[in-house]
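Okay, so here's the structure we're looking at.
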Amino acid sequence: MVKICCIGAGYVGGPTMAVIAYKCPDIEVAVVDISVPRITAWNSDQLPIYEPGLNGVVKECRGRNLFFSTDVEKHVSEADIVFVSVNTPTKTRGLGAGKAADLTYWESAARMIADVSKSSKIVVEKSTVPVKTAEAIEKILTHNSKGIKFQILSNPEFLAEGTAIQDLFEPDRVLIGGRETPEGQEAVKALKDVYAHWVPDDRILTTNLWSAELSKLAANAFLAQRISSVNAMSALCEATGADVSQVSYAVGKDSRIGPKFLNASVGFGGSCFQKDILNLVYICECNGLPDVAEYWKQVIRINDYQKSRFVNRIVSSMFNTVSSKKIAILGFAFKKDTGDTRETPAIDVCVGLLGDKAWLSIYDPQVTEDQIQRDLTMNKFDWDHPLHLQPMSPATVKQVAVVWDAYQATKDAHGICILTEWDEFKTLDYKRIYDNMQKPAFIFDGRNVVNVEELRKIGFIVYSIGKPLDAWLKDMPALA
Ligand code: UDX
Ligand code: UDX
Ligand code: ADP
């Protein structure tokens with residue numbers, strides 16, 4: 001029986017390994033992590049991450065051929081294939097701070113693998129890493145290996161949160177990069193055999209190591225670039241009277257462009273896009289390619305611009321001040337169907353409104369109060385794309401209430417901001433909400449989920465990203 005061990009039981013490692021175990025009953029999969037609470041949660045009925053379909057998959061195989069454990073060394077030493085799926089945040093200090101990936105967790109995992117291994121292994125990079133990381137890992141492994149052979153593969157994960165299980169069941173492609181030596185190719189084949197249990201052959205792509213590593217950064221950069229492109233258009237739509245949804249639809253009908261990932265929004269979030277682009281920028285700079293670096297930086301600048309623009313629009317519409325006004329925040333996660341708040345645009349919008357002394361009442365169906373308070377008080381590292389936002393002081397924390405219902409959040413509010421596209425926000429009783437709000441009642445839809453015409457009929461003053469402006473908003477010049 002082939003034994004797989006995955007180091008890191010996070011958003012990537014957990015669901016990916018659960019699906020491998022589900023699809024490959026003949027393979028034993030152990031997911032290990034140094035975090036005791038995480039592993040405890042994986043072994044309980046309250047999984048540590050919210051992901052549609054995940055519960056069912058875990059229930060089916062946990063205890064059968066899927067195990068979650070903190071005994072990292074035991075499971076690594078027994079495994080034939082070791083996936084490394086630890087976190088690779090952006091460095092916050094030292095050389096490359098604010099851009100380069102922090103490989104501390106990766107390096108420590110690699111050293112541990114070398115220390116505990118007694119037999120040859122395939123080591124698979126699952127977390128997104130800078131190009132050429134495999135080379136560094138190879139060096140650590142071979143210099144510490146006591147003669148044991150390691151083959152390094154790059155197998156980047158393309159799942160998106162909220163649709164992880166579906167993405168894993170039916171991936172557009174699985175990418176495996178390996179050395180072009182006979183041993184390297186043998187390792188590629190061994191990993192390919194795992195995926196071949198359920199992924200059609202023509203969807204399993206094999207490349208060299210560097211192409212696989214770079215493809216992951218490139219794919220995320222291209223996806224983020226589409227959002228920044230449509231978000232840049234949304235500003236122009238508002239200025240000209242065009243409707244961004246109509247423009248996106250017309251543009252996406254061109255089969256060379258395609259319809260997906262063209263939804264204008266308050267900005268992209270998530271743990272990957274910004275981190276991977278900053279990383280790409282850093283790699284370009286290190287390779288003497290400042291023009292290429294500049295090109296990709298602009299994707300992040302437009303994203304920051306979109307978030308600030310949204311805050312400015314709110315403040316300017318509400319008579320240039322939100323001081324002491326109650327604003328309801330509907331949605332805090334970085335997208336629907338996840339409780340994840342990493343890099344969520346909601347943080348920047350909330351901190352911006354708090355800076356103008358607003359009182360916030362926040363509701364998200366999946367994010368806990370603890371998480372929201374932590375996100376809003378955290379000392380955000382000052383990237384080289386500052387948003388000019390200050391983290392909250394303990395005094396400002398009092399300006400934030402987290403509630404468990406959209407009606408409670410909006411009661412007596414002056415304005416509503418929709419920051420995550422949760423389905424339930426489409427079917428709220430907006431008449432009831434309107435009746436319980438201060439007048440004039442404002443809605444700022446950062447995700448284009450509400451029916452603008454219907455809400456205007458109820459009496460709301462509605463701002464929806466990239467849509468023709470209300471007469472009211474036209475008369476209120478945006479703040480500079
Ligand atoms: C373009 C648009 O495609 C068309 O829809 C619009 O109506 C007019 O402008 P055209 O300029 O005739 O059409 O040709 P196109 O096939 O788009 O190529 C434009 C340039 O891009 C060419 O120099 C082509 O060689 C180059 N190109 C195209 C690339 O370098 N790489 C590609 O992948 C595609
Ligand atoms: C992304 C990639 O999609 C995935 O392939 C990769 O493995 C990890 O990074 P994820 O961050 O989980 O996945 O979610 P994604 O659906 O890509 O959304 C990222 C952000 O972009 C979200 O904040 C989302 O709301 C925003 N977005 C997405 C838009 O604003 N408009 C769109 O059209 C699509
Ligand atoms: P991702 O979104 O990439 O999955 P997460 O932060 O959700 O990232 O998960 C990474 C996990 O890796 C965390 O649970 C963390 O505790 C774990 N981890 C980091 N370093 C190690 C290590 N050396 N050994 C075991 N687990 C580790």
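Both ligands and their constituent atoms are indexed starting at 1 by order of listing. Only this structure's heavy atoms are used, side chains among them; waters, hydrogens and symmetry mates stay out. Because the structure is predicted, anything quoted here is derived from the model rather than measured.
Counting heavy atoms closer than 4.0 Å to ligand 2, residue Ala160 contributes atoms from both its backbone and its side chain. Looking at Thr344 against ligand 2, nothing comes within 4.0 Å, counting heavy atoms. With a heavy-atom cut-off of 4.0 Å, Asn263 touches ligand 2 through backbone and side chain alike. Under 4.0 angstrom from ligand 3, there are no non-hydrogen atoms of Lys275. Contacts of Glu157 with ligand 2, taken as heavy-atom pairs under 4.0 Å, involve the backbone alone.
Given atom 5 (P) of ligand 3, the protein heavy atom at minimum distance is Arg38 NH1, 3.7 Å. Among all protein heavy atoms, the one lying closest to atom 20 (C) of ligand 2 is Gly269 O, 3.5 Å. The protein non-hydrogen atom at the shortest distance from atom 15 (P) of ligand 2 is Lys335 NZ, 3.6 Å. Of all protein heavy atoms, the one lying nearest to atom 9 (O) of ligand 2 is Cys272 CB, 3.4 Å. The shortest contact between atom 18 (N) of ligand 3 and any protein heavy atom is with Val86 CG1, 3.8 Å. Among protein heavy atoms, the minimum distance from atom 19 (C) of ligand 3 is reached at Asn87 OD1, 3.3 Å. Of the protein's non-hydrogen atoms, Ser108 OG, 3.5 Å is the one closest to atom 23 (N) of ligand 3. Looking from atom 27 (N) of ligand 2 to the surrounding protein, the closest heavy atom is Ile227 CD1, 3.4 Å. Protein heavy atom at the shortest distance from atom 27 (C) of ligand 3 is Ile34 CG1, 3.5 Å. With hydrogens left out, the protein atom closest to atom 16 (O) of ligand 1 is Arg256 NH1, 4.5 Å, a heavy atom. Protein heavy atom in closest approach to atom 22 (C) of ligand 2: Phe334 O, 3.5 Å. When only non-hydrogen protein atoms are considered, atom 5 (O) of ligand 2 lies nearest to Phe158 O, 2.7 Å. The nearest protein atom to atom 8 (O) of ligand 3, hydrogens excluded, is given as Arg342 NH1, 3.8 Å; this is a heavy-atom distance. Counting protein heavy atoms only, atom 3 (O) of ligand 3 is closest to Val12 CG2, 3.8 Å.
A salt bridge between Glu424 and Lys336 is absent, with no side-chain N of the basic residue lying under 4.0 Å from a carboxylate O of the acidic one. Taking the charged nitrogens against the carboxylate oxygens, Glu343 and Lys275 have no contact shorter than 4.0 Å, which rules out a salt bridge. In this structure, Glu161 pairs ionically with Arg342, as a charged nitrogen and a carboxylate oxygen lie closer than 4.0 Å.
Taking the centre and axis of the six-membered ring of Phe169, the NZ or CZ atom of Lys23 falls inside the cone set by 45° and 6.0 Å. Both cation-pi conditions hold for Arg173 and Phe158: the charged atom is under 6.0 angstrom from the six-membered ring centre and inside a 45 degree cone around its axis.
Every salt bridge (Lys or Arg N to Asp or Glu O under 4.0 Å) that Lys426 has, sequence neighbours left out, goes to Asp423.
No N or O atom of Leu223 sits closer than 3.5 Å to an N or O atom of ligand 2. Between Leu159 and ligand 2, at least one N/O pair is under 3.5 Å apart. At least one N/O-N/O distance between Tyr11 and ligand 3 falls below 3.5 Å. For ligand 2, none of its N or O atoms has an N or O atom of Phe273 under 3.5 Å away.
Judged by distance alone, the side chain of Arg62 and the main-chain N or O of Ser44 form a donor-acceptor pair under 3.5 Å.
For Ser234 and Gln306, the side-chain atoms include at least one donor-acceptor pair closer than 3.5 Å. Looking only at atom types and distance, the side chain of Thr368 has no donor-acceptor partner in the side chain of Asp370 under 3.5 Å away.
Proximity to Lys216 (heavy-atom distance under 4.0 Å) selects the following atoms of ligand 2: 6 (C), 7 (O). Proximity to Ile7 (heavy-atom distance under 4.0 Å) selects the following atoms of ligand 3: 24 (N), 25 (C), 26 (N). Residue Ser265 has at least one heavy-atom neighbour below 4.0 Å for each of these atoms of ligand 2: 29 (C), 30 (O). Proximity to Gly10 (heavy-atom distance under 4.0 Å) selects the following atoms of ligand 3: 4 (O), 5 (P), 7 (O), 9 (O). Residue-ligand proximity, Leu262 to ligand 2, at heavy-atom distances under 4.0 Å covers atoms 33 (O).
Atoms OH and CD1, from Tyr430 and Ile416 in turn, are 6.5 Å apart once rounded to the nearest 0.5 Å.
Taking only non-hydrogen atoms, the option from Val31, Ile49, Asp33 nearest to atom 14 (O) of ligand 3 is Asp33. Considering Asn220, Val12, Asn231, Asp167 only, the shortest heavy-atom separation from atom 2 (C) of ligand 2 involves Asn220. Summarising the contacts of atom 24 (C) of ligand 2 with Arg342, Lys275, Glu161, Arg447, the nearest heavy atom is found in Arg447.
Shown are Thr128, Val131, Leu175; of these, the side-chain contact (heavy atoms from CB on, under 4.5 Å) with Glu213 is made only by Val131.
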Exercise answer: donor-acceptor pairs, residues 199-206 side-chain atoms, under 3.5 Å, sequence neighbours excluded:
from	atom 1	to	atom 2	distance (Å)
Asp201	OD1	Lys192	NZ	3.3
Arg203	NH1	Pro171	O	3.0

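Distance screen at 4.0 Å: atom 33 (O) of ligand 1 has no protein heavy-atom neighbour inside the cut-off.
Below 30°, between 30° and 60°, or above 60°: for Phe310 and Tyr463 the angle between ring planes is between 30° and 60°, a tilted geometry.
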